[in-house]
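Values below: every heavy atom of this structure, side chains too, minus hydrogens, waters and symmetry copies. Throughout, residue positions are numbered sequentially from 1 according to the sequence presented.
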Amino acid sequence: MDFLRDILLALHIIGIAALLGGFLFQMKAMGAGTARMLPGMWHGALTMLVTGVALVGLLEAGDGTVNHIKIGIKLLILIVVAALVYLRRDDEAVPTPVFGTVGLLTIANIFIAVLW
């Protein structure tokens with residue numbers, strides 16, 4: 001069971017890297033107003049969603065305790081991020097406030113995971 005948890009955790013981190021990396025890659029374009037949602041950002045958000053739910057399921061199935069409020073907040077933030085990325089994935093240029101929101105919420109999710 002530990003091996004499966006480690007694999008899921010690694011995939012979850014890869015998803016975070018894809019989403020945040022796509023945002024950071026587009027920051028210069030965001031300043032110029034030409035940023036767009038990259039396909040990797042959608043794949044990263046989807047990977048985070050699937051692996052995050054699986055990690056919580058494994059923890060619930062075992063003897064671990066789950067902070068449901070923390071997981072609920074993280075899930076809500078991720079759903080908002082995934083929705084923004086998905087809905088704006090075909091736009092030639094995403095408005096700066098929308099693109100910035102994706103980055104800030106992604107970073108907030110990381111800080112919630114680490115500090116809470």
Please report the interatomic distance CZ(Arg88) to CE(Met37), rounded to the nearest 0.5 Å.
7.5 Å

So how far is it from Ile71 CD1 to Glu60 CD, rounded to the nearest 0.5 Å?
9.0 Å

To the nearest 0.5 Å, tell me how far Phe23 CZ sits from Ile107 CD1.
6.0 Å

Linking I/L/V/M/F/W/Y whenever their side-chain heavy atoms sit closer than 4.5 Å, directly or via other members, would Val50 and Met41 fall into one cluster?
no

Scanning both residues in full, the closest heavy-atom pair of Gly33 with Thr96 reads CA-OG1, 4.1 Å

Give me the atom names and distance for the closest heavy-atom approach of Leu8 to Ala54.
CD1-CB, 3.7 Å

Expected output: side-chain Arg5 to main-chain Asp2 donor-acceptor under 3.5 Å:
no

Between Val53 and Leu11, is there a shared hydrophobic cluster once you connect ILVMFWY residues whose side-chain heavy atoms come closer than 4.5 Å?
no

Hey, any chance Val66 and Trp116 share a hydrophobic cluster, counting ILVMFWY side chains that come within less than 4.5 Å of each other, even indirectly?
no

Shortest non-hydrogen pair, Val94 vs Phe99, comes out as CG1-N, 3.9 Å

Can you find a pair of side-chain heavy atoms, one from Asn109 and one from Val81, that are under 4.5 Å apart?
no

Decide yes or no for Thr47 and His12: does some side-chain heavy atom of the first lie under 4.5 Å from some side-chain heavy atom of the second?
no

Leu19 side, atom CG; Thr106 side, atom OG1 - distance, nearest 0.5 Å
4.0 Å

Could you tell me which non-hydrogen atom of Leu55 sits nearest to which non-hydrogen atom of Leu9, and how far apart they are?
CD2-N, 3.9 Å

Which atom pair, heavy atoms only, marks the closest approach of Gly40 to Ala18?
O-CB, 3.6 Å

Output for pair (Leu20 CG, Ile13 CD1), nearest 0.5 Å, gives 13.0 Å

Is Ile16 reachable from Val114 through a run of I, L, V, M, F, W or Y residues, each pair having side-chain heavy atoms under 4.5 Å apart?
yes

Run the side chain to side chain donor-acceptor pair (under 3.5 Å) test against His43 and tell me which residues pass, sequence neighbours left out.
none

Over all atoms of both residues, closest heavy-atom pair of Ala113 and Lys74
CB-NZ, 3.6 Å

Suppose we screen for side chain to side chain donor-acceptor pair (under 3.5 Å). Which residues come up paired with Arg36, at least two apart in sequence or across chains?
none

Same cluster or not: are Leu104 and Val102 linked, directly or through other Ile, Leu, Val, Met, Phe, Trp or Tyr residues, by side-chain heavy atoms under 4.5 angstrom apart?
no

Just to verify, which of Ile77, Leu78, Leu76, Ile110 counts as forming a side-chain contact (heavy atoms from CB on, under 4.5 Å) with Leu105?
Ile77

About how many Å separate CG of Leu84 and CH2 of Trp42, when rounded to the nearest 0.5 Å?
11.0 Å

